[in-house]
Amino acid sequence: MSIQKPSIPKGTRDFGPAVVARRNYIFGVIRRTFELFGYAPLETPTLENLSVLTGKYGDEGDQLLFKVLNSGDFLKDVAPDDIAEGTRKVLPKIAEKGLRYDLTVPFARYVVMNRGTLTFPFKRYQIQPVWRADRPQRGRYREFYQCDADVVGTDSLLCEAEIVLMMCEVLNGIGLTDFTIKINHRGVLRNIYQALGSEGKESDLFVAIDKLDKIGREGVEKELAERGFSTQASAYLFELLATSGSYGEKLEKLDAAFQKADLPSETEGSDGSAYKGLRDLREVQNYLTSFGFTQFDKLEFDPTLARGLSYYTGCIFEIKINNVKIGSVSGGGRYDNLTGAFGLAGVSGVGFSFGVDRLYDCLEELNLFPPNAATTTRCLVVNFDEEAGRSVLPVLRQLRAAGIPSELYHTPDKLVKQFKYADQKGVPYVLLQGSEERAQNLFKLKNMSTGHEQLLALDDVLSKLTQ
RNA sequence: GUAGGCAUAGCUCAGCUGGUUAGAGCAUCGGAUUGUGAUUCCGAAGGCCGUGGGUUCGAGCCCCAUUGCUUACCCCA
């Protein structure tokens with residue numbers, strides 16, 4: 001019989017006890033923050049019908065969907081002619097389900113299916129894994145968690161402001177301090193496109209702009225030239241993007257530039273910008289000020305932020321951790337018509353998502369995990385011999401009854417092994433009662449980090465371990 | 001889909017232009033020490049050098065193929 005080496009699918013990972021404990025710490029901070037802001041939990045199935053998933057993420061997205069083969073004789077509906085016509089023809093006949101690709105589309109499906117019973121605006125958060133048949137690389141997996149919070153059914157920019165607040169709350173909560181929340185607005189990008197004279201494709205411009213911090217000005221110019229933008233437009237673009245100054249100053253400078261370019265007014269009313277994007281961004285700032293937000297130094301209006309080709313239509317967000325070399329750890333934005341694909345038009349939503357894996361990497365690199373998040377056992381009871389091991393069981397019961405996670409070492413091994421076990425598992429306390437202690441009806445409690453030992457009565461042990 | 005890199009002990013890796021018996025650190029196990037770990041010392045065990053072919057008197061090393069892992073690009077969290 002040949003023994004095969006075990007393995008796990010490419011792009012997936014096992015999480016050992018220490019890693020799970022630290023991931024749960026991050027999940028906990030995120031979950032508490034979402035709930036603190038009035039978001040309710042939602043979970044949706046791992047499997048969705050492919051009809052729900054396909055066509056929502058573009059052609060490339062469809063390629064990256066994991067499809068699940070139908071149960072039973074999955075070939076029963078496939079004719080030889082179908083195979084001749086290729087994958088496209090065969091696929092719908094052999095697979096009708098797929099693994100969820102993100103949390104936003106299942107959320108939209110849920111909202112549409114339950115529109116009659118939901119109270120709008122509906123605020124939900126969702127922390128679940130998603131799957132993508134992508135080619136794995138650093139910081140990129142085929143199975144990973146998303147932590148989404150979205151509101152549907154309101155246009156209020158208070159939601160956008162609260163997203164900024166939640167982002168700060170979470171990052172502060174896990175000890176990350178050197179970060180920048182970047183905010184922009186699809187309307188601003190559209191205005192920039194119009195100011196350049198509307199040449200080329202709007203989406204090409206956004207994709208190119210988004211790469212600015214990655215490939216630099218020359219790279220963007222080159223890409224724009226390839227996509228049919230004139231050097232004149234390209235030069236003007238960088239004039240607009242070079243806007244510096246505070247959040248408010250940038251808004252004003254762009255407003256002046258758009259007026260100078262003679263862009264048509266998009267909003268009515270006498271106060272504020274005539275352009276929706278700039279006006280929304282100002283409104284978000286006003287909400288934050290009224291709230292008493294104090295971390296404006298962490299909030300940057302970045303007109304180069306574009307976030308790919310996704311469905312965003314209003315404000316867009318991204319978080320950059322400044323002292324760690326890693327991509328964004330969070331992003332989001334507003335999308336009009338979230339539920340349109342499922343037949344419910346005119347519902348606007350805004351939301352954002354945290355990338356737990358990247359947050360984890362940041363905390364690890366900066367050594368920000370709390371020290372004792374790694375184990376669950378708080379007290380190991382030493383097993384001296386068969387008889388002592390049995391007689392100490394009531395003590396174990398009392399430890400647990402007092403809420404102290406405890407275990408009795410499984411066999412009466414040499415003390416070296418028992419202490420080593422406690423040490424390697426990260427158990428902070430070891431409790432022992434050998435013949436000497438038993439004679440006095442006392443226990444010896446050892447603090448594993450200091451090495452300090454104390455002779456105590458059981459009540460004192462319990463109170464010491466619960467404090 | 002495009003282009004690279006890597007594959008040697010449980011883990012991280014050495015291994016010279018091809019040349020006797022393939023090494024180290026960590027981890028494991030045993031002992032020094034029958035009541036004390038992280039942090040002492042001594043010892044042991046551990047290998048079809050990813051797989052299959054080829055070149056050669058001789059291959060861990062060179063060539064071809066194959067599988068797995070990995071990095072960058074496209075795209076994305």
Side-chain angles (χ1 to χ4, degrees), chain A residues 2-13 16 30 57-65 100-104 127-148 203 206-208 210-211 214-215 219 223 306-311 317-321 326-333 351-362 380-385 388 409 412-439 443-455:
Chain A
S2 71
I3 297 169
Q4 60 171 18
K5 276 191 177 174
S7 62
I8 54 175
K10 192 193 298 190
T12 66
R13 296 156 295 165
I30 293 173
Y57 310 106
D59 285 344
E60 290 222 22
D62 287 354
Q63 297 290 329
L64 298 181
L65 285 173
R100 92 167 84 75
Y101 179 90
D102 71 357
L103 301 179
T104 308
I127 300 176
Q128 287 189 278
V130 302
W131 292 266
R132 296 184 187 179
D134 213 344
R135 181 162 287 180
Q137 46 187 273
R138 188 172 47 139
R140 230 167 125 180
Y141 306 96
R142 288 183 149 181
E143 177 184 61
F144 61 98
Y145 270 76
Q146 290 194 330
C147 310
D148 280 29
S203 57
F206 296 168
V207 170
D210 197 39
K211 292 182 194 163
K214 205 167 170 185
I215 61 178
E223 180 152 340
R307 287 196 62 75
L309 288 169
S310 44
Y311 33 67
F317 306 93
E318 200 163 279
I319 300 180
K320 178 98 186 60
I321 306 297
I326 199 164
S328 76
V329 296
S330 172
F352 74 115
S353 176
F354 281 105
V356 180
D357 299 293
R358 289 183 175 177
L359 285 176
Y360 185 98
D361 291 344
C362 290
L380 177 78
V381 180
V382 165
N383 192 338
F384 270 96
D385 53 52
Y409 191 83
D413 273 335
K414 297 206 293 189
L415 285 203
V416 183
K417 291 195 74 169
Q418 304 198 29
F419 274 91
K420 201 165 185 171
Y421 173 82
D423 177 51
Q424 292 184 340
K425 195 168 169 174
V427 179
Y429 290 96
V430 171
L431 186 70
L432 50 164
Q433 188 182 47
S435 50
E436 299 167 25
E437 292 84 2
R438 190 117 65 96
F443 293 84
K444 192 179 270 181
L445 183 67
K446 175 160 182 168
N447 180 325
M448 292 296 280
S449 54
T450 63
H452 183 63
E453 294 184 346
Q454 260 181 303
L455 256 182

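Scope of the values below: all heavy atoms of this structure, side chains included, with no hydrogens, waters or symmetry mates. A, B, ... follow the sequence lines: proteins, then strands. Residue 1 opens every chain.
In this structure, OH of A:Tyr429 is placed 16 Å from C1' of B:rG37, rounded to the nearest angstrom. Remark: C1' of B:rG35 and CZ of A:Phe443 are 16 Å apart, rounded to the nearest angstrom. When rounded to the nearest whole Å, the span between CZ of A:Arg142 and C1' of B:rC69 equals 13 Å. In this structure, CZ of A:Arg13 is placed 15 Å from P of B:rC69, rounded to the nearest angstrom. Remark: P of B:rG68 and CD1 of A:Ile8 are 15 Å apart, rounded to the nearest angstrom. Summarising the geometry, the separation between OH on A:Tyr57 and P on B:rC76 is reported as 14 Å, rounded to the nearest angstrom. The separation between A:Leu65 atom CG and B:rA77 atom P is 14 Å, rounded to whole Å. If you take CG of A:Asp134 and P of B:rU70, they are 13 Å apart, rounded to a whole angstrom.
When the nearest nucleotides of RNA chain B are assigned to A:Gly331 and A:Lys420 by heavy-atom distance, the more 5′-ward of the two goes with A:Lys420. Between A:Tyr421 and A:Gly355, the residue whose closest nucleotide on RNA chain B is further toward the 5' end is A:Tyr421.
For B:rG37, the OP1/OP2 oxygens have no side-chain nitrogen or oxygen of A:Lys425 closer than 4.0 Å. In this structure, A:Lys417 does not reach the B:rU33 phosphate: none of its side-chain N or O atoms is under 4.0 Å from OP1 or OP2.
Only the P atoms considered, B:rC64 is 12 Å distant from B:rG5, to the nearest whole Å. Taking the P atom of each, B:rA27 and B:rA72 are spaced 31 Å apart, rounded to whole Å. For the C1' atoms, the distance linking B:rU17 with B:rU12 amounts to 28 Å, nearest Å. For B:rU40 and B:rC26, the P atoms lie 10 Å apart once the distance is rounded to whole Å. Nucleotides B:rC6 and B:rA14, compared at atom C1', are 15 Å apart to the nearest Å. Look at the P atom in both B:rA7 and B:rU51: the space between them is 13 Å, to the nearest Å. Comparing the same atom, P, in B:rC73 and in B:rC29 gives a spacing of 44 Å after rounding to whole Å. Between B:rG58 and B:rG18, the distance separating the two C1' atoms is 8 Å to the nearest Å.
Nearest nucleotide to the A:Phe419 side chain, out of B:rG35, B:rA77, B:rG37: B:rG37. Checking B:rA77, B:rC69, B:rG37 against the side-chain heavy atoms of A:Met448 singles out B:rG37 as nearest. Across B:rU36, B:rA77, B:rG37, the shortest atom-to-atom separation from the side chain of A:Asp423 is found for B:rG37. Distance from the side chain of A:Gln146 is smallest for B:rA77 among the nucleotides B:rG35, B:rA77, B:rU36. Closest contact between the side chain of A:Lys414 and the listed nucleotides B:rC75, B:rA77, B:rG31 involves B:rG31. Ranking B:rC74, B:rU28, B:rG35 by closeness to the A:Gln137 side chain, first place goes to B:rC74. Which of B:rG35, B:rU28, B:rA77 sits closest to the side chain of A:Phe384 comes down to B:rG35. In the set B:rG35, B:rU28, B:rG37, B:rU28 carries the atom at the smallest distance from any side-chain atom of A:Gln424. For A:Val416, the side-chain atoms get nearest to B:rU36 when compared with the rest of B:rA77, B:rC74, B:rU36.
Counting non-hydrogen atoms under 4.0 angstrom, A:Gln63 reaches nothing in the nucleic acid. Heavy atoms of A:Leu432 sit under 4.0 angstrom from at least one base atom. Residue-level contact check: A:Arg140 touches the bases, meaning some heavy atom is under 4.0 Å from a base atom. Across all strands shown, A:Lys10 has heavy atoms under 4.0 Å from sugar-phosphate atoms exclusively, and none from any base. Across all strands shown, A:Gly58 has no heavy atoms under 4.0 Å from either base or sugar-phosphate atoms. Residue-level contact check: A:Glu318 touches neither bases nor backbone, having no heavy atom under 4.0 Å from any strand. Counting any heavy atom pair closer than 4.0 Å across all strands shown, A:Ser353 reaches no nucleic acid atom.
Distance OG/A:Ser353 to CG/A:Asp148: 4.0 Å, rounded to 0.5 Å. Distance CG/A:Leu65 to CD/A:Glu60: 12.0 Å, rounded to 0.5 Å. Atom-to-atom distance recorded for A:Leu432:CG and A:Glu453:CD is 6.5 Å, nearest 0.5 angstrom. Expressed to the nearest 0.5 Å, how far CG of A:Asp102 lies from CD of A:Gln146 amounts to 6.0 Å. Remark: A:Ser330 OG to A:Ile321 CD1 distance equals 9.0 Å, nearest 0.5 Å.
Between the base of B:rU36 and the side chain of A:Lys446 there is a donor-acceptor pair shorter than 3.5 Å. Contact of A:Gln418 with B:rG35 (side chain to base): no donor-acceptor pair of N or O atoms is detected under 3.5 Å. Residue side chain A:Arg135 reaches the base of B:rU2 through a donor-acceptor N/O pair under 3.5 Å, judged by distance alone.
Within the 3.5 Å criterion, the main-chain N or O of A:Ser328 finds a donor-acceptor partner in the side chain of A:Arg358. The backbone N or O of A:Glu143 sits nowhere less than 3.5 Å from a side-chain atom of A:Arg132 that would complete a donor-acceptor pair. Between the side chain of A:Gln418 and the backbone N or O of A:Asp413, at least one donor-acceptor pair lies under 3.5 Å.
Ring geometry for A:Tyr409 versus A:Tyr421: interplanar angle over 60°, hence perpendicular rather than tilted (30 to 60°).
For the pair A:Arg142 and A:Asp134, the salt-bridge criterion is not met [side-chain N within less than 4.0 Å of a carboxylate O].
Taking the side chain as every heavy atom from C-beta outward, A:Arg100 and A:Pro129 approach each other to under 4.5 Å.
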Dot-bracket encoding per residue of RNA chain B, Watson-Crick/G-U cut-off under 3.5 Å, | denoting interstrand: (((((((..((((.....[...)))).(((((.......))))).....(((((..]....))))))))))))....

